[in-house]
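Structure record follows, encoded as structure tokens.
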Amino acid sequence: MSLFPFFSKDIAIDLGTANTLIFLKSKGIIIDEPSVIALDKKTMKPVAYGKEAKKMLGKSPSSIEVIRPIRDGVISNLEATLLLLEYFIQKVYNRKFFINPRVVISIPLGITSVERRALKESVEEAGASEVYIIEQPMAAAIGAGLAVQEPAGNMIVDIGGGTTEVAVIALAGIVSGDSLRIAGDEIDTAIINFVKNKYNILIGEQMAERAKIKICSAVNRENNNEMEIKGRDLTEGLPATVLVKREEIKEAIRETLSIIVNSVLQTLENTPPELAADIVDKGIYLAGGGALLDGIHELMNEETGLPVYTAENPLSAVALGAGKVLDEIDLLKEISL
């Protein structure tokens, strides 16, 4: 027996639009923070990261810029992304060691080669010795416990913050799939636009997100809950409050959810008959924050006629799947791009 405990430096990263999760081999998920960074505008040096930076959204003084550097699942601000990754990677190792980890990172299906290269270079610049890139729906399916290597169809719908990834997987490959840059952020935007257009009140992203979590539903409910939504009256320029009902929010997000459902239907249409038959038996699995939206299962079931299930850990399915393949090098080589 070794006198020193086994230490593994390999990590898996789910660099999401809303949150960044980091899985450390042998320890599990040890970082789960918002993908947000706050910079001093004069020096362009970070003043806050993750949770602390998110608290500043919509509240920071003019001297501080709060940035969400990942938009729609891809890097929109390379320098801010690099700073955020460096911070999280250093935090994993408590800044005690100079470590160049082997990294597995997931990407959306629809990412371009230019975006993929930018992401890979960002991770390398942040300190990685090797970078393996795998597709997000594949990672989500593995994290959800689906048998992706078997000759049978598995369907995963990962509704994240910036993208929705839809895929039918068999024999460790994506047979049919779709990637939409429409997901949780678009639902928030729909709520912001609804309140602005109907009540002439401008609300922030965090208020919209709270409304989505508290009273939003994808289907009709008997109990039409309501919520106080606070913002700024666009006519008078003063703080204002309005009561918004669940049914109103449902109508506000209906078009966004319709696009996601249509993507699922299109993917099913493009699936070979034998694999489609497997999905009839196995059903559709949902992952990502969108899997927690009230009524989303019922809506998917109504539109597809198929059973719909939620991954055991929907918010961390991608990170867990990417982390799992750190121990399965043959599978990693098979699915990496």
Among side-chain atoms of Glu248 and Tyr199, is any donor-acceptor pair under 3.5 angstrom?
yes
In this structure, which one of Asn19, Thr20, Thr17 forms a side-chain hydrogen bond (donor to acceptor under 3.5 Å, both in side chains) with Ser35?
Thr20
Partner of Ser217 by side-chain hydrogen bond (donor to acceptor under 3.5 Å, both in side chains), out of Asn224, Asn223, Asp294, Asn225
Asp294
Flag if over 12 foreign heavy atoms under 6.0 Å of CD, Glu251:
yes
Counting heavy atoms not belonging to Lys214, are there more than 12 under 6.0 Å from its NZ?
no
May I ask you to decide if the ring planes of Tyr309 and Tyr285 are parallel, tilted or perpendicular, using 30° and 60° as cut-offs?
tilted
Only residue of Val264, Asn301, Leu268, Asp281 satisfying side-chain contact (heavy atoms from CB on, under 4.5 Å) with Leu306 is Leu268
Hey, is CD on Glu312 packed in by over 12 heavy atoms from elsewhere, all under 6.0 Å?
no
Please report the C-alpha distance between Gln136 and Asp158 in whole Å, then the side-chain angles of each, then the deciding distance to 0.1 Å, and finally whether the side chain to side chain donor-acceptor pair (under 3.5 Å) criterion is met.
CA-CA 8 Å; Gln136 196 168 301; Asp158 179 26; 3.1 Å; yes
Atom CD of residue position Glu328 - does it have more than 12 heavy atoms of other residues, nucleotides or ligands inside 6.0 Å?
yes
Examine the side chains of Ser176 and Thr267 and answer whether a donor and an acceptor come within less than 3.5 Å of each other.
no
Near Glu79 CD, under 6.0 Å, is it more than 12 heavy atoms from other residues, nucleotides or ligands?
no
